[in-house]
Amino acid sequence: MTDQDLASAVFRKEVLAMSAYKVMNAAGMIKLDAMENPYSWPDDIKNRWLETLKDCSLNRYPDPEAGRLVKTIRTVYQLQETAGLLLGNGSDEIIQLLLMALPSGARVLSPDPGFVMYGQISRCLGLNYVGVPLRPDNFDLDLPATLSAIDSHRPSIIFLAYPNNPTGNLFSETSIREIIEKAPGLVVIDEAYEPFAGASYLSSLAKYDKLLVMRTVSKLGLAGLRLGYLAGKPAIIEQINKIRLPYNINILTQASAEFALGNTLLFDEQIRKICTERMVMFNRLSRLNNIRVFPSVANFILFKTGENQADGVFGDLQQQGILIKNLSPQGGLLRDCLRVTIGKPEENAAFLTALEKSLASR
Ligand SMILES: *Cc1c(COP(=O)(O)O)cnc(C)c1O
């Protein structure tokens, strides 16, 4: 028996059919592929942070409920007392927990193109994932198509990224509310990019029992910590909490997030800079011939090249030391599409120069 035969005999067919989530090696490159905040902390803040880490007992297990951090998150984001809260090792883990709690054969629905993890984790768990195409003109929800898919598939969970990744737009509010009203199960509003969009459904939690709001500190500027959270009705959160591993938020993350959320002014300043740069970048991209750029309220911009040129442009940029994300291989509405994360002004300028050069050579 070969190792491959052994693996095939042991593991589920859904797992065998998957390919691993691939992260490109970005060593030495200008990294504009993963929606990271490009700014680090000033030295005085770094030193204060390191001071707090001195008190962490690495020989002990962390607080399984991350009680202090939970309290801080509730205060900083003004969460209603009636809402339940669950922390995850990144919001990716929360998506996994939600899906692991579903019965086998359950259906999961989300707009397409959307965040890849919804489909990837669903398929790996043997659930039925249904992607409903967005409107090709503006990437907004196709409400009739979505309602009809809800009717025929009766999904246990609907994921709506708000703003959407990789398109960068906010779905229309009337469509979202109608979807929440018609949903037979839960609706998760994924607000990973809330810091850049300033729009949220957190205040609607009291109104809809089936609504859950998911957030992360990753895009805010703490991607290395791995911390996400989910707010919703306590009876729902309680069930998901049962399958959460007890120590999913490690002690360094608890302490660091606690510290960082006490310094939100620093992030506000960084976010403001990123949003200003987003406008500069959008305007410059809009002036280029041969590409179509889509408006974004997130910290990235999606654009579309001429037919069959995305791979070439992506390769040219890579050769010039600039890594963005090539979405064209995903096909569908993302054919010929590339996504660039907003970086520091000088990084964005280097990207634009390289892009102009690449487009001029075609
Ligand atoms: C980046 C992203 C996430 C994952 O966030 P982590 O907390 O880093 O796991 C979730 N949802 C969307 C839409 C994202 O773009």
Side-chain angles (χ1 to χ4, degrees), residues 63-102 108 110 114-115 117-118 121 155-165 170-171 173 176-177 179-181 183 185-223 225-246 248-249 253-254 257-258 260-262 264 267 298:
D63 174 1
E65 306 297 332
R68 246 182 94 186
L69 180 55
V70 162
K71 234 167 145 179
T72 302
I73 290 176
R74 283 187 169 278
T75 311
V76 170
Y77 297 105
Q78 295 168 18
L79 214 66
Q80 293 141 347
E81 264 171 47
T82 51
L85 185 69
L86 172 128
L87 306 191
N89 192 319
S91 37
D92 285 349
E93 189 195 34
I94 296 175
I95 299 167
Q96 191 182 48
L97 291 173
L98 279 161
L99 295 173
M100 277 168 53
L102 298 184
V108 177
S110 144
F115 186 48
M117 285 297 163
Y118 310 144
I121 300 173
S156 300
I157 299 187
I158 299 173
F159 286 101
L160 299 173
Y162 185 82
N164 190 38
N165 172 12
L170 292 169
F171 298 136
E173 188 159 349
I176 291 181
R177 293 202 181 267
I179 287 168
I180 296 173
E181 266 149 34
L186 301 172
V187 178
V188 179
I189 307 279
D190 179 349
E191 300 187 347
Y193 300 96
E194 183 276 338
F196 309 96
S200 175
Y201 276 81
L202 217 46
S203 62
S204 299
L205 283 178
K207 185 169 171 196
Y208 302 109
D209 291 349
K210 44 184 143 167
L211 178 63
L212 294 163
V213 173
M214 184 170 69
R215 289 201 182 158
T216 171
V217 299
S218 293
K219 313 301 160 52
L220 177 71
L222 299 166
L225 283 188
R226 309 308 296 133
L227 178 70
Y229 54 98
L230 181 74
K233 286 285 181 267
I236 305 291
I237 297 292
E238 184 193 328
Q239 298 303 323
I240 307 160
N241 201 30
K242 290 183 196 167
I243 54 173
R244 178 181 66 82
L245 294 175
N248 65 329
I249 313 298
T253 295
Q254 290 190 29
E258 175 76 27
L261 293 179
T264 48
F267 293 108

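- Residues passing the side-chain contact (heavy atoms from CB on, under 4.5 Å) test with Asp63 are Glu65, Gln254, sequence neighbours excluded.
- In this structure a side-chain-to-backbone donor-acceptor pair under 3.5 Å is missing from Ser156 to Gly185.
- Atom CZ of Arg177 is surrounded by more than 12 heavy atoms from other residues, nucleotides or ligands within 6.0 Å.
- Distance check, rounded to the nearest 0.5 Å: CD of Glu93 to CE of Met117 gives 12.5 Å.
- Of all heavy-atom pairs between Ala161 and Phe171, the closest is O-CE1, 3.4 Å.
- Side-chain contact between Ile237 and Leu230: present, with at least one pair of heavy atoms (C-beta onward) separated by less than 4.5 Å.
- Interatomic distance, Ile249 CD1 to Leu227 CG, rounded to the nearest 0.5 Å: 5.5 Å.
- To the nearest 0.5 Å, the span separating CD1 on Ile73 from NZ on Lys71 amounts to 13.5 Å.
- Considering all non-hydrogen atoms of both residues, Ile243 and Met100 come closest at CD1-CB, 3.9 Å.
- Arg226 places no side-chain N or O within 3.5 Å of a backbone atom of Asp92 that could act as its donor or acceptor partner.
- Between Ile176 and Tyr201 the shortest side-chain heavy-atom distance falls below 4.5 Å.
- The CG atom of Leu211 sits 8.5 Å away from the NZ atom of Lys233 when rounded to the nearest 0.5 Å.
- Under the 4.5 Å side-chain criterion, counting only non-hydrogen atoms from C-beta, Ile121 is not in contact with Val108.
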Please test Leu222 against Phe267 for side-chain contact (heavy atoms from CB on, under 4.5 Å), starting from the C-alpha separation and ending with a verdict.
-> CA-CA 10 Å; Leu222 299 166; Phe267 293 108; 3.9 Å; yes
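- Salt bridge annotation for Lys242-Glu238: absent, with no cationic side-chain nitrogen under 4.0 angstrom from a carboxylate oxygen.
- With ring centers used as reference points, Phe159 lies 6.0 Å or more from Phe115.
- In this structure, the separation between OH on Tyr118 and CG on Asp190 is 3.5 Å, given to the nearest 0.5 Å.
- The CG atom of Leu170 lies 9.5 Å from the CD atom of Glu191; values are rounded to the nearest 0.5 Å.
- For Lys210 (side chain) and Ile157 (main-chain N/O), no donor-acceptor pair under 3.5 Å exists by modelled atom type.
- With contacts defined as side-chain heavy-atom distances shorter than 4.5 Å, the pair Asn89/Leu245 does not qualify.
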Show the numbers, then the answer: is there a side-chain contact (heavy atoms from CB on, under 4.5 Å) between Val187 and Tyr208?
-> CA-CA 9 Å; Val187 178; Tyr208 302 109; over 6 Å; no
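- The two atoms that bring Ala83 and Leu205 nearest to each other are CB-CD1, 4.3 Å, heavy atoms only.
- Contact record, Arg215 with Ser91: O-CB, 4.0 Å, taken as the closest heavy-atom pair.
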Take Glu194 and Leu202 through the side-chain contact (heavy atoms from CB on, under 4.5 Å) test and state the conclusion after the steps.
-> CA-CA 11 Å; Glu194 183 276 338; Leu202 217 46; over 6 Å; no
Do Val188 and Ile94 pass the side-chain contact (heavy atoms from CB on, under 4.5 Å) test, and can you show the C-alpha distance, the side-chain angles, and the key distance before you say yes or no?
-> CA-CA 11 Å; Val188 179; Ile94 296 175; over 6 Å; no
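- The shortest non-hydrogen separation linking Ile158 to Ala183 is CD1-CB, 3.8 Å.
- Ring centroids of Tyr77 and Tyr229 are separated by less than 6.0 Å, placing the two rings close together.
- Scanning both residues, Leu87 and Arg244, for their nearest heavy atoms gives O-CD, 3.5 Å.
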